[in-house]
J.: 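The structure that follows is given in the form of structure tokens.
Numbering of ligands and ligand atoms starts at 1, following listing order. This structure is a prediction, so every number in the text was calculated from the model and none was measured.
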Amino acid sequence: MFITFEGIDGSGKSTQARLLAEALTGLGRDVLRTREPGGSPGAEEIRALVLQGDPDRWSAKTEILLFTAARRDHLERTIEPALAAGKVVVCDRFADSTRMYQGLSRGDLRALVDDLHRLMIGREPDLTFLIDIDPAVGLSRAKGRQGHEERFEDMGLAMQARMRDGFLTLAQEFSNRFKVIEGDRAPEAVAAEVLALTLAALQARA
Ligand code: ADP
Ligand code: TYD
């Protein structure tokens with residue numbers, strides 16, 4: 001089973017991916033936790049290219065190609081082998097992030113993102129948790145971190161709000177696999193809901 005976490009910066013995706021992976025491991029499942037951009041040695045190199053440096057470093061279209069190239073490598077080298085080995089794959093961000101960030105933030109490029117996804121990736125998660133949160137809360141949490149990966153982090157409140165709305169619309173578009181989770185709660189409360197939904201989905205597939 002292929003599970004992804006999506007949401008705006010600071011919504012708690014990484015925290016929840018870790019807690020879910022730990023809980024499933026504790027229940028005896030074989031779990032691989034991974035993230036995008038990155039998740040394989042080649043894709044981690046591309047991560048540095050897309051997240052570091054000047055915000056204008058790449059054109060909108062070049063950026064889509066770089067994220068998709070990273071995803072292709074991650075899929076081939078990390079995700080597909082783990083799924084073939086029967087593992088539960090828990091991934092922090094995947095193609096829905098490209099649909100939002102590259103598809104919405106610099107003009108309407110969603111059709112291009114979708115075309116490239118169909119050609120080069122062609123795989124959707126089985127289950128996607130959208131950790132939904134007020135953009136002001138997400139931004140204040142994300143600002144607590146300091147680092148070099150800030151190309152997207154200065155998007156500001158208005159853009160974060162657009163991304164949040166976009167993710168909620170995407171959850172309706174792919175309602176078969178999305179679960180929208182209220183993220184402004186204690187991490188343990190969010191994790192308990194995520195685990196219960198995951199176990200129900202695993203049981204339904206057994
Ligand atoms: P994301 O991966 O979505 O950017 P993180 O999981 O890295 O989010 O969380 C961002 C920051 O907020 C971290 O410092 C983390 O410890 C904190 N955090 C995560 N979940 C919660 C929560 N439910 N309540 C309060 N703080 C949280
Ligand atoms: P991430 O490391 O998940 O950051 P955060 O924990 O703050 O959410 O992702 C880094 C940035 O990369 C994030 O601002 C969103 C952006 N991103 C895209 O623009 N497109 C993509 O396809 C992916 C996977 C991430």
J.: Taking a cutoff of less than 4.0 Å between a non-hydrogen atom of the residue and any ligand atom, is A142 in contact with ligand 2?
T.: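 Distance cut 4.0 Å: A142 fails for ligand 2.
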J.: Are side-chain N/O atoms of H117 and T68 paired as donor and acceptor at under 3.5 Å?
T.: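 The criterion, which ignores hydrogens and geometry beyond distance, is not satisfied for T68 and H117.
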J.: Going by the order shown, which atoms of ligand 2 are within less than 4.0 Å of some heavy atom of P37?
T.: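 Those qualifying, in numeric order: 23 (C), 24 (C), 25 (C).
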J.: What do you reckon, does R47 have a nitrogen or oxygen under 3.5 Å from a nitrogen or oxygen of ligand 2?
T.: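 Between R47 and ligand 2 (N or O atoms, distance only) the closest approach is under 3.5 Å.
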J.: Just let me know how M100 lines up against ligand 2, side chain, backbone, both or neither, with a heavy-atom cut-off below 4.0 Å.
T.: neither
J.: Above 12 or not: heavy atoms from other molecules or residues under 6.0 Å from CZ of R29?
T.: no
J.: Any N or O on V190 sitting closer than 3.5 Å to an N or O of ligand 1?
T.: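 Looking only at distances, the answer is no, because the N/O contact criterion of under 3.5 Å is not met.
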J.: Are there protein heavy-atom neighbours of atom 13 (C) of ligand 1 below 4.0 Å?
T.: no
J.: Regarding atom 17 (C) of ligand 1: of the candidates E188, R93, R141, which has the closest heavy atom?
T.: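 The option holding the nearest heavy atom is R141.
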J.: As an exercise, identify every atom of ligand 2 less than 4.0 angstrom from a heavy atom of K13.
T.: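 Counting atoms of ligand 2 from 1, those under 4.0 Å from K13 are 8 (O).
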J.: Shortest non-hydrogen contact from P187 to T15?
T.: CB-CG2, 4.4 Å
J.: Quick test of your reading of the structure: of Q160, H74, R35, R93, whose heavy atom lies closest to atom 15 (C) of ligand 2?
T.: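 Ranked by closest heavy atom to atom 15 (C) of ligand 2, first place is R93.
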J.: Near R185, which atoms of ligand 1 are under 4.0 Å from a heavy atom of that residue?
T.: 22 (C), 23 (N), 24 (N)
J.: S40 and T78: side-chain donor and acceptor closer than 3.5 Å?
T.: no
J.: Return the closest protein heavy atom for atom 8 (O) of ligand 1 as residue, atom name and distance.
T.: G12 N, 3.1 Å
J.: Closest non-hydrogen protein atom to atom 15 (C) of ligand 1, residue and atom name please, with distance?
T.: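 That would be T15 OG1, 3.9 Å.
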J.: Could you work out, for atom 2 (O) of ligand 1, the closest of S14, A191, S140, G183 by heavy-atom distance?
T.: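 Considering heavy atoms of S14, A191, S140, G183, the nearest to atom 2 (O) of ligand 1 sits in S14.
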J.: Looking at Q203, I'd like to know if its CD atom is crowded, meaning that more than 12 non-hydrogen atoms belonging to other residues, nucleotides or ligands lie closer than 6.0 Å.
T.: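 Open: at most 12 neighbouring heavy atoms sit under 6.0 Å from CD of Q203.
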J.: Quick one: does R71 get a heavy atom under 4.0 Å from ligand 2?
T.: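 Flag set, R71 near ligand 2.
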J.: State, yes or no, whether a side-chain contact exists between L51 and P37 at a heavy-atom distance under 4.5 Å.
T.: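 The answer is yes; the side chains approach within 4.5 Å.
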J.: Among all protein heavy atoms in this structure, tell me which lies nearest to atom 7 (O) of ligand 1, with the distance rounded to 0.1 Å.
T.: R145 NH1, 3.1 Å
J.: Which of the numbered atoms in ligand 2 are below 4.0 angstrom from a heavy atom of T98?
T.: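 The atoms of ligand 2 under 4.0 Å from a heavy atom of T98 are 21 (C), 22 (O).
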J.: May I ask whether P187 has any heavy atom positioned less than 4.0 angstrom from an atom of ligand 1?
T.: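 Within the 4.0 Å threshold, so yes.
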J.: Evaluate Y101 for polar contact with ligand 2, using N/O atom pairs at a separation under 3.5 Å.
T.: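 So ligand 2 has no N or O lying under 3.5 Å from an N or O of Y101.
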J.: Begin with the C-alpha distance, continue with both residues' side-chain angles, and end with the deciding distance and a verdict on salt bridge (charged side-chain N to carboxylate O under 4.0 Å, His left out) for K179 and E6.
T.: CA-CA 10 Å; K179 303 281 182 204; E6 296 283 359; over 6 Å; no
J.: Does the Lys NZ or Arg CZ of R164 fall within the cation-pi geometry relative to F167 - under 6.0 Å from the ring centre and within 45° of the axis?
T.: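 No cation-pi geometry.
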J.: If you take the nearest heavy atom of each of K13, E6, R35, which one is closest to atom 3 (O) of ligand 1?
T.: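 Among K13, E6, R35, the closest heavy atom to atom 3 (O) of ligand 1 comes from K13.
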J.: Closest approach of F178 and A171, non-hydrogen atoms and distance?
T.: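 Result for this residue pair: CG-CA, 3.5 Å.
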J.: Decide if atom CZ of R72 counts as having more than 12 heavy atoms of other residues, nucleotides or ligands within a radius under 6.0 Å.
T.: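 Yes - once you tally the heavy atoms of other residues, nucleotides and ligands closer than 6.0 Å, there are more than 12.
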J.: For D96 and R177, what are the C-alpha separation, side-chain angles and deciding distance, and is it a salt bridge (charged side-chain N to carboxylate O under 4.0 Å, His left out)?
T.: CA-CA 12 Å; D96 296 316; R177 65 177 165 88; 2.8 Å; yes
J.: Flag this pair as yes if the NZ/CZ of R71 is under 6.0 angstrom from the six-membered ring centre of F94 and inside a 45 degree cone about the axis; otherwise no.
T.: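 Yes.
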J.: Mark yes when over 12 heavy atoms from residues, nucleotides or ligands other than E80 sit less than 6.0 Å from its CD; otherwise mark no.
T.: yes
J.: Which ligand 2 atoms are under 4.0 Å away from a heavy-atom of L51?
T.: 10 (C), 11 (C), 12 (O)
J.: Please confirm whether G10 comes under 4.0 Å of ligand 1, counting heavy atoms of the residue only.
T.: yes
